Amino acid sequence: MLQACDVTYTINGSTLVAGVDVEVKPGRVVALIGPNGAGKSTLLRILAGELRPTRGGVMLDTRDLKSFSAAELSRQRAVVPQASVLTFPFTVLEVAMLGVSVPGFDAAPAQAKTSALDALDAVGLRDLAGRLYVHLSGGERQRVHIARALSQLAAPPYHRDKTRCFLLDEPTSSLDLAHQSLVLAAIRRQARSGTAIVAVFHDLNLAAALADELVLLESGRVMATGPASEVLRDDLLSAAYGCRVLTNRTPGEGKPFVLPPAIFPASTASGLSEDRKVGMQRLWH
Ligand code: ADP
Ligand code: MG
């Protein structure tokens, strides 16, 4: 289990994360949501062991993350950062294989190649394996980094008795609809294999579709934690994002969803319940 207790991060007099508790069990997906600057990326980096909290701590199973060596961390968790800069003339396959050439791995080259190709397949990039990374589009590059992390998680040796973690910062921010689904499916599969997952999302609907639990951050603090049905609420989201937000429910399953009001004209609000329609019209007029 990955567990953050009272995690606080202060730098140059600014507190970016304040007293946060998060718990992620193996096989569970937690999504971090909240407005720009809420502290999501900072918290994710702390959970990844890249930043040390100034107060509180992060435990992975029974050990404090700060006692892990770089090699031990590499074997137990993979990270997809918000932005990755890579200017070397690597092919897509070579970048994906970086996942298994990090410290702590001594996979045979053939095995490393197989797991990298499988990971590229999972994100729809197998056909581009020989292409130069720098020639890819933004969305393709984003998927290469996800493949790199997936191959890291797939590669032996890892400790079957220890929790493996997958931490992703806005993994779908550059992706079209089909590739959003593909990446969500890959993350879900990884969760089913017993990995503890934490992912930052801007798209609240994707967060709700994927995660077992949402953590809503605002100014470094947790405003709400729980399933989407409890966290995607008009009052909480409006307060967190500083604008009027109206949630709705899908027909049938009744899952909450959020539409940006500015692009959803009032005249198309048919199908919404009467009080929602009134609420939405108030937003537009
Ligand atoms: P999010 O990912 O939720 O958009 P971040 O965790 O990246 O937010 O950043 C949280 C806040 O901390 C932002 O306002 C950002 O400008 C600020 N911040 C990030 N790094 C530093 C730093 N090294 N020094 C001071 N402020 C920082
Ligand atoms: Mg961020």
Side-chain angles (χ1 to χ4, degrees), residues 2-24 29-58 60 65-66 73 77-86 138-139 141-146 148-149 165-175 179-180 183-184 187 196-211 213-226 228 231-233 235-243 245 247 258 260:
L2 182 68
Q3 195 173 23
C5 296
D6 191 29
V7 160
T8 298
Y9 186 78
T10 301
I11 187 164
N12 301 329
S14 305
T15 297
L16 314 187
V17 175
V20 170
D21 297 315
V22 180
E23 198 179 280
V24 197
V29 183
V30 170
L32 306 180
I33 57 169
N36 293 144
K40 305 178 297 295
S41 295
T42 307
L43 177 59
L44 196 83
R45 294 184 64 202
I46 291 170
L47 293 171
E50 290 174 0
L51 285 178
R52 290 249 176 109
T54 41
R55 198 184 74 209
V58 182
L60 181 50
L65 220 47
K66 70 181 180 206
L73 276 179
R77 63 99 178 95
V79 186
V80 178
Q82 188 162 4
S84 306
V85 180
L86 195 65
R141 288 181 188 200
Q142 189 165 36
R143 285 183 283 135
V144 177
H145 288 289
I146 294 166
R148 175 186 54 69
C165 304
F166 193 11
L167 302 126
L168 307 101
D169 199 344
E170 299 190 31
T172 54
S173 57
S174 304
L175 303 186
H179 290 110
Q180 286 175 358
V183 164
L184 289 200
I187 297 173
I197 296 183
V198 186
V200 174
F201 279 101
H202 264 303
D203 188 319
L204 301 174
N205 299 319
L206 293 183
L210 178 73
E213 190 179 326
L214 306 185
V215 175
L216 174 61
L217 286 173
E218 204 274 317
S219 302
R221 297 185 178 280
V222 175
M223 275 187 77
T225 306
V231 176
L232 296 191
R233 280 182 11 204
D235 55 343
L236 285 172
L237 296 179
S238 300
Y241 288 88
C243 63
V245 179
T247 56
V258 183

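Every number for a ligand or one of its atoms is a count from 1 in the order of the listing. Just so we're clear, the structure is a prediction, and the values are computed from it rather than from any experiment.
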Taking side chain as C-beta onward, heavy atoms only, is [X] less than 4.5 Å from [Y]?
{"X": "Leu168", "Y": "Val183", "value": "no"}
{"X": "Thr225", "Y": "Asp21", "value": "no"}
{"X": "His202", "Y": "Asn36", "value": "yes"}
{"X": "Val80", "Y": "Phe166", "value": "yes"}

Less than 4.0 Å between atom 10 (C) of ligand 1 and some protein heavy atom, yes or no?
yes
Exercise check, heavy-atom protein proximity under 4.0 Å to atom 24 (N) of ligand 1:
yes
Distance (rounded to the nearest 0.5 Å) between [X] [atom1] and [Y] [atom2]:
{"X": "Leu16", "Y": "Ile46", "atom1": "CG", "atom2": "CD1", "result": "8.0 Å"}
{"X": "Met223", "Y": "Arg233", "atom1": "CE", "atom2": "CZ", "result": "9.0 Å"}
{"X": "Arg221", "Y": "Thr8", "atom1": "CZ", "atom2": "OG1", "result": "8.0 Å"}

Between Arg45 and Glu50 (side chain of the first, backbone of the second, donor and acceptor by atom type, cut-off under 3.5 Å), is there such a pair?
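No, Arg45 side chain to Glu50 backbone: no donor-acceptor pair under 3.5 Å.
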Side chain of Thr172, backbone of Gln180: donor and acceptor closer than 3.5 Å?
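A pair under 3.5 Å: no.
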Location of contacts on Asn36 toward ligand 1, heavy atoms closer than 4.0 Å
backbone
Ser14 contact mode with ligand 1 (heavy-atom cut-off under 4.0 Å)
neither
Can an N or O of Leu16 be found at a distance shorter than 3.5 Å from an N or O of ligand 1?
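So ligand 1 has no N or O lying under 3.5 Å from an N or O of Leu16.
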Min N/O separation Gln82 to ligand 1 under 3.5 Å:
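By distance alone, the answer is no.
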Counting each atom of ligand 1 from 1 as listed, which ones have a heavy atom of Ala38 under 4.0 Å away?
1 (P), 3 (O), 8 (O)
Would you mind listing which atoms of ligand 1 come within a distance below 4.0 Å of any non-hydrogen atom of Thr42?
5 (P), 6 (O), 9 (O)
Select the closest option to atom 1 (P) of ligand 1 among Gly34, Ser219, Gly37, judged by heavy-atom distance.
Gly37
Report yes or no: does Thr42 have an N/O/S atom closer than 2.8 Å to the Mg ion (ligand 2)?
no
Within the stated cut-off of 2.8 Å, is an N/O/S atom of Asn36 closer than that to the Mg ion (ligand 2)?
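Looking at Asn36, which is the residue asked about, there is no N, O or S atom under 2.8 Å from the Mg ion (ligand 2).
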Nearest non-hydrogen protein atom, atom 7 (O) of ligand 1
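The closest heavy atom on the protein side is Ser41 CB, 3.6 Å.
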For atom 22 (C) of ligand 1, what is the closest protein heavy atom, and at what distance to 0.1 Å?
Ile11 CG2, 3.7 Å
Ser41 OG and Gln82 OE1 subtending at the Mg ion (ligand 2) (10° steps)
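It is 80°, given to the nearest 10°.
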